[in-house]
J.: 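Have a look at the structure that comes next, please.
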Number of protein chains: 2
Amino acid sequence: MSEETSSRRDAILDAAAQLFQRQGYSATSMRQIARAAGYEAVAGLYNHFPGKEDIFAAVLERRAPYDALLPVLENVTGDTAEDLLQNLLRAVIPIMRERLDFLQLILIDLQEFDGRLFSSFLQQVTPHFVGMLSRLLSFPEIRPDLKPQIILRAIVSVIIGYLFTEIAASTPALAHLPFPPVVGEAWLEGLVSILIHGMTVSPEGKVK
Amino acid sequence: MSEETSSRRDAILDAAAQLFQRQGYSATSMRQIARAAGYEAVAGLYNHFPGKEDIFAAVLERRAPYDALLPVLENVTGDTAEDLLQNLLRAVIPIMRERLDFLQLILIDLQEFDGRLFSSFLQQVTPHFVGMLSRLLSFPEIRPDLKPQIILRAIVSVIIGYLFTEIAASTPALAHLPFPPVVGEAWLEGLVSILIHGMTVSPEGKVK
DNA sequence: GTCTATAGTTAGATAGAC
DNA sequence: GTCTATCTAACTATAGAC
């Protein structure tokens, strides 16, 4: 494997990633990938990968945000539960937002390969998530009536939901809401605030 | 259009829906649809639909949960904001959970057709969602510092995130969490409670 | 390692008998 | 409306010259 071949390999993966995201897996042909990667003919691809599925697997592995995500889950801290949660979401959501391409690839994996590659991603990430969760639960102000599983699912749900509404918000269909647009970090801050404090103020000023 | 042809048409749509969900759009062939619908040959399909894209569009339209969703958004009420929110989520989430098939079809639409059909769905649903939101905002205990757009997005995010973690929870990769399983309605109740009250108890017993 | 050429298969769609 | 038969085009993958 010389330096030339590895840069060719990278060109293939970059081209394939773009095409898979735009068109899906089955709708993207080996010929399209070859041409986008600078080849005249399909056959060149088979010098680097055994087949189409292997290209997709390599693309997904390459785009997985392990490098950015795992250190955050390992190291995020805070003086209070609120502080920790804010630091977590303010770190994780921008990471995932910059990798919406990875999210799209995961969706393809769920449809075309029954989520096999996604499962392997989850198995590598969840232990780190659980470590973060135990630090969060050690704070006394966390409501004792909430089970850890439910807190974990709520956090993950908000992250996923935020990313999806981010995609949906870019479609023209949602341009007709009778509200002025909210820009930048305000979205994230509002969501964090709701997750931590809720959207209501209890009449007694006391929660539950 | 006799009764026979319309039942044939239904058979085609049911067969196509299953195949599209399992395999995606491009990976599902007209021949597969024809056989699953009881035809010996492909040509039979073209007596009912001009082409493959038209079959997919008809499938999506047929599976869209307008009938169950719109009345809920129109009519849901409550004595307090908490009551209204609980009633809303407890009605909407089971509806969507029973229609996870629709969610999968939407994902296909996002990949294969740039979300064109999803946009049309959103345009029909969002006005009803906004109507519900204005009733919610009329309650005095809703935190005045939260903008309506952010509350709306938080609600939608939680619904979407809940549905996705529902799918992810069914994969074997998540069977190894060091927690006992939570069953049934407890998931939903916990999520609603967090959305309304947050996951922390403020030290002063006062929000923000 | 990259090319030309092509094998072998399958795709969506159609013509015409019945 | 459903069938048999078939068209044209595209697909993944490979063999072999260079």
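Just so we're on the same page: letters track the sequence lines, and every chain starts at 1. The shown structure was predicted, so the numbers you read here are calculated from the model rather than taken from an experiment.
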J.: Quick one: does B/Met96's side chain get under 4.5 Å of B/Tyr162's, heavy atoms only?
T.: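 Contact flag for B/Met96/B/Tyr162 side chains = no.
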
J.: Would you please indicate if the ring centroids of B/Phe113 and B/Phe118 are separated by under 6.0 Å?
T.: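 No, ring centres 6.0 Å or more apart.
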
J.: Over how many whole Å does the gap from B/Leu19 atom CG to C/dG12 atom C1' extend?
T.: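 It works out to 16 Å between those atoms.
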
J.: Tell me: NE2 of B/His48 to P of C/dT14, nearest whole Å?
T.: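 Taking NE2 of B/His48 and P of C/dT14, I get 16 Å after rounding.
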
J.: For B/Tyr66, which residues count as a ring pair (Phe, Tyr, Trp, His ring centres under 6.0 Å) partner, sequence neighbours excluded?
T.: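 B/Phe121.
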
J.: Rounded to the nearest Å, what distance is computed from the CZ atom of residue B/Arg9 to the P atom of nucleotide D/dT2?
T.: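 Whole-Å distance recorded here is 13 Å.
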
J.: Within a reach of under 6.0 Å around NZ of B/Lys52, are more than 12 heavy atoms found that belong to other residues, nucleotides or ligands?
T.: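 Atom NZ in B/Lys52 is packed in, count exceeds 12.
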
J.: Can you find a side chain N or O atom of A/Tyr39 that sits less than 4.0 Å from OP1 or OP2 on C/dC3?
T.: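 No, because none of the side-chain N or O atoms of A/Tyr39 sits under 4.0 Å from OP1 or OP2 of C/dC3.
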
J.: May I have the distance from A/Ile33 (atom CD1) to C/dT2 (atom P), rounded to whole angstrom?
T.: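 A/Ile33 atom CD1 is separated from C/dT2 atom P by 16 Å.
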
J.: In whole Å, I'd like the distance from the CZ atom of B/Arg35 to the P atom of D/dC3.
T.: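 It works out to 11 Å between those atoms.
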
J.: Between atom CG in B/Leu45 and atom P in D/dG1, what is the gap in whole Å?
T.: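 To the nearest whole Å, that distance equals 14 Å.
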
J.: Starting at atom CD of A/Gln23, determine the distance to atom C1' of D/dA10, rounded to an integer number of angstrom.
T.: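 Going from CD in A/Gln23 over to C1' in D/dA10 covers 14 Å.
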
J.: Closer than 4.0 angstrom, basic N to acidic O: yes or no for B/Arg135 and B/Glu74?
T.: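 Salt bridge absent between B/Arg135 and B/Glu74.
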
J.: If a protein heavy atom is under 4.0 Å from the base, mark B; if only from the sugar-phosphate, S; if neither, -; do that for nucleotides 12-18 of chain D going 5' to 3'.
T.: BBBB---

J.: Rounded to the nearest angstrom, tell me the gap between atom CD in B/Glu40 and atom C1' in D/dT2.
T.: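 Atom CD in B/Glu40 sits about 10 Å away from atom C1' in D/dT2.
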
J.: Please enumerate all residues that pass side chain to side chain contact (heavy atoms under 4.5 Å, CB included) together with B/Ala34, with sequence neighbours excluded.
T.: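 If we apply the side chain to side chain contact (heavy atoms under 4.5 Å, CB included) test to B/Ala34, skipping adjacent residues, the hits are B/Tyr39, B/Leu45.
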
